[in-house]
Amino acid sequence: MSKSRGQRAGLIRTLLITISSWAITFYYSFKAIVVVMSSSNPRPTIDRVIRQWSSRLISLINLKVVVKGNFERDESRPCIVMCSHSSAYDIPVSFLAIPGSLRMLAKKELFQIPLFGRAMRLSEFISINRQNKEQARQDLLLAKAKMEDGIMLWVAPEGTRSADGQLLPFKKGGMHLAIQTQALIIPVAIKDIHRVLPAKRFRMNFNQTIEFRVGNAIDASEYTIESRKALSDAVRDQMQSLLEPEIVSDLPQNITNEKKPDSIAASHDGSLNSDMKQDIK
């Protein structure tokens, strides 16, 4: 795939996109709260609301996504998606590219945002408070219970966004969580997404083409807390290789999104299945 730098948005357009993004976010936050409060089984509908929110956000910047690699998970095991993190758009792109019930392991500060934070909590997003040991223990039990009930957790092992798309050092928390929950880790890397909205910058670029690259599952149950670094190295090595240009021809291309952002979420044969079509309508 040829590298696409897209077009740089002017200050006014960037401001309008930012305001529109927050408006969309608060609208879907309210929608999620209503769904949870009015349904006895809200998770499938919340999955659709999250994908609708994600689709609207990336359509604002005309982001085109190509997914490479097979996303395969053992549904009998807890699953953690560990993703490179170099843009605020990593999260909505992941929600669209990965099938199933995916939730972000979020910083506790996000839960303090009015409406948005309440919607996250009601929608089964997880935060682990490492500063309070008792709270951390309860949060860990909740995370494990959610994963055993079918939720996949999205984790950024770097802990913060990279400004240039290169991997930053990994934090310990994600590996501890994977080991303690005996999870399967699926490494993914999003190539060139740092060009969309670089970290610590306000100006963004639109009309971009990026690649969502999926690696092979790593079984955290084969590691202990004492061998946490070996697990971290295994995940990092995969993610680093996924970011290399030469792996493009080695990964199967399952899903392309050359026209509409809504066409990202798809079945493994490359065509939208009926459930996914409904999720983004």
Side-chain angles (χ1 to χ4, degrees), residues 1-9 51 54-73 79-100 102 104 152 154-158 161-168 170 185-199 201 204-218 235-272 276 280:
M1 183 187 74
S2 60
K3 187 176 289 186
S4 173
R5 294 183 178 274
Q7 296 173 264
R8 190 181 186 192
R51 290 195 174 94
S54 301
S55 179
R56 301 303 178 263
L57 289 183
I58 69 171
S59 67
L60 282 177
I61 57 172
N62 195 30
L63 182 62
K64 300 177 179 67
V65 180
V66 176
V67 178
K68 287 182 174 280
N70 292 317
F71 188 88
E72 298 177 347
R73 60 167 297 205
C79 179
I80 296 177
V81 176
M82 290 201 176
C83 183
S84 60
H85 195 25
S86 57
S87 172
Y89 287 90
D90 293 332
I91 296 161
V93 166
S94 296
F95 283 132
L96 287 174
I98 296 174
L102 181 69
M104 176 177 62
M152 294 177 289
W154 185 97
V155 175
E158 299 160 274
R161 286 180 289 163
S162 166
D164 59 3
Q166 299 300 309
L167 291 179
L168 298 174
F170 283 6
I185 297 173
I186 300 181
V188 301
I190 309 179
K191 179 71 172 171
D192 293 331
I193 199 168
H194 67 285
R195 302 180 190 280
V196 176
L197 181 61
R201 295 184 186 179
M204 62 176 59
N205 297 296
F206 56 98
N207 294 334
Q208 296 277 344
T209 299
I210 61 161
E211 289 188 347
F212 186 94
R213 300 175 174 180
V214 183
N216 299 315
I218 297 172
V235 175
R236 186 182 182 87
D237 287 348
Q238 269 212 52
M239 289 172 63
Q240 188 64 60
S241 68
L242 289 170
L243 288 170
E244 298 298 326
E246 57 267 21
I247 66 99
V248 173
S249 60
D250 297 330
L251 288 176
Q253 180 171 307
N254 296 315
I255 312 156
T256 59
N257 179 44
E258 295 299 333
K259 294 182 179 180
K260 295 173 64 179
D262 288 6
S263 66
I264 298 174
S267 59
H268 291 314
D269 64 4
S271 60
L272 279 167
M276 286 299 197
I280 53 181

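Note that the coordinates shown come from a computational prediction; the quantities given were computed from them, not determined experimentally.
To the nearest 0.5 Å, atoms CG (Leu243) and CE (Met239) are separated by 7.0 Å. The CD1 atom of Ile91 sits 5.0 Å away from atom NE2 of His85, with the distance rounded to the nearest 0.5 Å. Ile218 CD1 to Gln238 CD: the interatomic distance, rounded to the nearest 0.5 Å, is 4.5 Å. A distance of 10.0 Å separates NE2 in His194 from CG in Asn205, rounded to the nearest 0.5 Å. To the nearest 0.5 Å, atoms CH2 (Trp154) and CG (Asp90) are separated by 5.5 Å. For the atom pair Asp237 CG and Leu167 CG, the distance stands at 10.0 Å (nearest 0.5 Å).
The nearest pair of heavy atoms linking Glu158 to Ser162 is OE2-CB, 4.1 Å. Closest approach of Pro187 and Leu242 over heavy atoms only: O-CD1, 3.8 Å. The heavy-atom pair separating Arg213 from Glu244 by the smallest distance is NH1-O, 2.9 Å. Contact detail for Cys79 and Ile186: the closest heavy-atom pair is SG-CD1, 3.8 Å. Closest approach of Val235 to Met82, counting heavy atoms only: CG1-SD, 4.0 Å. The nearest pair of heavy atoms linking Val214 to Val188 is CA-CG1, 4.0 Å.
Under the 3.5 Å distance criterion, the side-chain polar atoms of Glu211 are left unmatched by any main-chain donor or acceptor of Lys191. A donor-acceptor pair under 3.5 Å is formed between the side chain of Ser84 and the backbone N or O of Ile190.
Every side-chain contact (heavy atoms from CB on, under 4.5 Å) that Ile61 has, sequence neighbours left out, goes to Ile17, Leu63, Tyr89, Val196, Met204, Phe206.
When side chains are defined from C-beta on, Ser94 counts as touching Leu102, because their heavy atoms get closer than 4.5 Å. Using a 4.5 Å heavy-atom threshold, the side chains of Ile210 and Val93 count as touching. No side-chain heavy atom of Arg195 sits less than 4.5 Å from a side-chain heavy atom of Ile193. You'll find the side chain of Phe212 stays beyond 4.5 Å of the side chain of Lys68, heavy atoms only.
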